[in-house]
Protein chains: 2
Amino acid sequence: MLSAACKESIRAMIYIAHAGGDKKIIPVKEVAEKLETSFYFLAKNVQKLVKAGLLFSYKGPKGGVKLAKSPEEIKLIDIVEAIDGLEFFETCLLGFKECSDEHPCAIHHKWADKRKAIYKLFSETSLKDVVEDMEKNCLQIIF
Amino acid sequence: MLSAACKESIRAMIYIAHAGGDKKIIPVKEVAEKLETSFYFLAKNVQKLVKAGLLFSYKGPKGGVKLAKSPEEIKLIDIVEAIDGLEFFETCLLGFKECSDEHPCAIHHKWADKRKAIYKLFSETSLKDVVEDMEKNCLQIIF
DNA sequence: TATATTTAAGATTAAGGAGTCTTAATTCTT
DNA sequence: AAGAATTAAGACTCCTTAATCTTAAATATA
Ligand code: SF4
Ligand code: SF4
């Protein structure tokens with residue numbers, strides 16, 4: 001459902017929120033090392049997050065990125081939208097061309113319910129929620 | 001969430017169930033024409049459905065495919081499993097490596113709920129359900 | 001039996017996304 | 001001012017999946 005780039009971006013945002021919040025500047029290189037991933041690939045996705053207004057970036061020595069808003073203002077859906085887009089929440093499950101709410105198939109309404117529930121979950125869950133929870137429960141696993 | 005091949009396979013199964021059920025043999029060529037899709041691509045996926053035991057196939061003139069079971073016995077999840085596999089229902093949403101039910105992150109349990117609900121929907125919805133509903137509501141759109 | 005029709009299977013090509021690299025721009029430090 | 005560090009941007013390669021083609025196998029029909 002979420003692309004590899006999107007999952008990694010979420011993990012990156014979690015790390016940035018954890019390590020720097022919207023105060024401290026964190027170099028992308030540090031994030032890549034902590035997440036044990038490719039700097040190049042991560043940097044590409046971070047650029048998108050900057051363009052989407054979720055991160056501020058700073059060049060030069062002591063440069064890096066930090067959250068553009070407070071952790072509770074950044075919802076998971078914002079990251080998903082920036083990297084993967086919202087197509088998942090908008091397209092027909094079965095791929096018919098001209099179906100719509102007016103001509104629903106057997107699965108349409110039920111599927112729409114599930115999709116909405118997921119959208120709601122992503123819209124209601126903030127970086128703060130995730131970070132706080134992970135700091136309690138499973139931080140050592142990731143960082 | 002579902003690959004293009006999977007969506008098309010579901011549409012194909014709907015057509016086969018509608019036009020032939022588990023009685024009449026339908027040529028794949030006819031299915032491709034009705035769905036306005038590539039015969040080659042569809043034939044590839046149909047092969048998987050045959051191997052998965054969802055379709056019987058018959059070579060030669062008057063050959064084609066028909067459902068291997070009654071429409072109510074074939075669930076959408078069977079088609080998804082045959083084409084895309086069940087990875088979607090088994091993997092971590094955020095892509096962490098070593099997380100588990102024992103070390104759940106903030107979103108784990110909520111996400112697991114949503115995923116289970118979708119799995120349930122796919123497991124409970126049979127081809128018969130979809131076909132009957134579409135025959136009532138929006139058949140003209142597809143066939 | 002010969003021919004036409006249809007699926008099976010594998011090879012091939014095309015497209016898109018994942019992942020990497022190179023160069024440019026910016027800015028801190030000396 | 002010079003050099004080092006860091007992100008920005010675009011080009012590039014690689015891999016997976018989508019899509020197509022070719023040949024083989026099976027079978028109905030004449
Ligand atoms: S009614 Fe069914 S086929 Fe039509 S758009 Fe909704 S899910 Fe898709
Ligand atoms: S706890 Fe969170 S990070 Fe861990 S497997 Fe579940 S969803 Fe993924």
Side-chain angles (χ1 to χ4, degrees), chain A residues 1-13 15-16 19-20 24-68 80 82-85 87-88 95, chain B residues 1-13 16 19-20 24-68 80 82-85 87-88 91 95:
Chain A
M1 171 192 166
L2 301 181
S3 70
C6 189
K7 290 180 178 184
E8 186 171 290
S9 297
I10 293 175
R11 296 200 299 276
M13 290 292 277
Y15 178 78
I16 294 166
K24 193 176 158 196
I25 295 175
I26 311 285
V28 175
K29 192 182 171 204
E30 174 184 330
V31 180
E33 281 167 4
K34 295 291 184 175
L35 299 196
E36 295 178 11
T37 187
S38 152
F39 166 78
Y40 292 129
F41 188 57
L42 179 61
K44 238 0 180 202
N45 298 127
V46 162
Q47 283 183 28
K48 289 186 186 175
L49 297 172
V50 171
K51 281 180 185 164
L54 301 179
L55 291 174
F56 288 142
S57 67
Y58 305 90
K59 291 181 180 175
K62 309 274 181 179
V65 294
K66 73 173 189 182
L67 300 186
V80 173
I83 305 295
D84 280 354
E87 190 203 1
F88 171 79
Chain B
M1 170 194 167
L2 301 181
S3 70
C6 189
K7 289 180 177 183
E8 186 170 291
S9 296
I10 293 175
R11 295 200 300 278
M13 290 291 277
I16 294 165
K24 193 177 159 195
I25 295 175
I26 311 284
V28 175
K29 193 183 171 203
E30 175 185 329
V31 180
E33 281 168 4
K34 295 291 184 175
L35 299 195
E36 294 177 12
T37 186
S38 151
F39 166 78
Y40 293 129
F41 188 58
L42 179 61
K44 258 304 184 252
N45 297 127
V46 163
Q47 282 183 29
K48 289 186 186 174
L49 297 171
V50 171
K51 281 179 185 164
L54 301 179
L55 290 175
F56 289 141
S57 68
Y58 305 90
K59 290 181 180 175
K62 308 275 179 177
V65 294
K66 71 173 191 182
L67 300 186
V80 173
I83 305 295
D84 280 353
E87 190 202 2
F88 171 78
T91 57

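Note that the coordinates shown come from a computational prediction; the quantities given were computed from them, not determined experimentally. Every chain is numbered from 1, with letters handed out A, B, ... down the list of sequences.
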Please list, for nucleotides 13-22 of chain C, all pairs of protein and nucleotide N/O atoms separated by less than 3.5 Å.
unit_1, atom_1, unit_2, atom_2, d
C:dT20, OP2, A:S38, OG, 2.6

For DNA chain D, the residues among residues 53-65 of chain B that have a non-hydrogen atom under 4.0 Å from it
B:K59, B:G60, B:P61, B:K62
Students often get this wrong, so: under 4.0 angstrom with heavy atoms, is B:K48 touching a base, only sugar-phosphate, or nothing?
nothing
Start and end of chain A contact along DNA chain D [non-hydrogen atoms, under 4.0 Å]:
D:dA4 to D:dA11
For a quick test of your reading: what N or O donor-acceptor pairs under 3.5 Å do the side chains of residues 38-55 of chain A make, sequence neighbours left out?
unit_1, atom_1, unit_2, atom_2, d
A:S38, OG, A:Y40, N, 3.2
A:S38, OG, A:F41, N, 3.0

What heavy-atom pair brings A:K66 and A:K24 nearest, and what distance separates the two atoms?
CB-O, 3.3 Å
For the residue pair B:I83 and B:L2, establish whether any side-chain heavy-atom pair is separated by less than 4.5 Å.
no
Check whether any side-chain heavy atom of B:I25 lies under 4.5 Å from a side-chain heavy atom of B:V65, and answer yes or no.
no
Please check this pair: side chain of B:D84 against backbone of B:S3, looking for a donor-acceptor N/O pair closer than 3.5 Å.
yes
Using the side-chain contact (heavy atoms from CB on, under 4.5 Å) criterion, which residues pair with B:E30? Sequence neighbours excluded.
B:Y15, B:I26, B:P27, B:K34
Between A:T37 and A:R11, does the side chain to side chain contact (heavy atoms under 4.5 Å, CB included) criterion hold? Intermediate values first, please.
CA-CA 11 Å; A:T37 187; A:R11 296 200 299 276; 5.8 Å; no
Round to a whole Å and report the spacing from CD1 of B:I26 to P of C:dT7.
11 Å
Have a look at A:V28 and say if it touches a base, only the backbone sugar-phosphate, or nothing, with a 4.0 Å heavy-atom cut-off.
sugar-phosphate
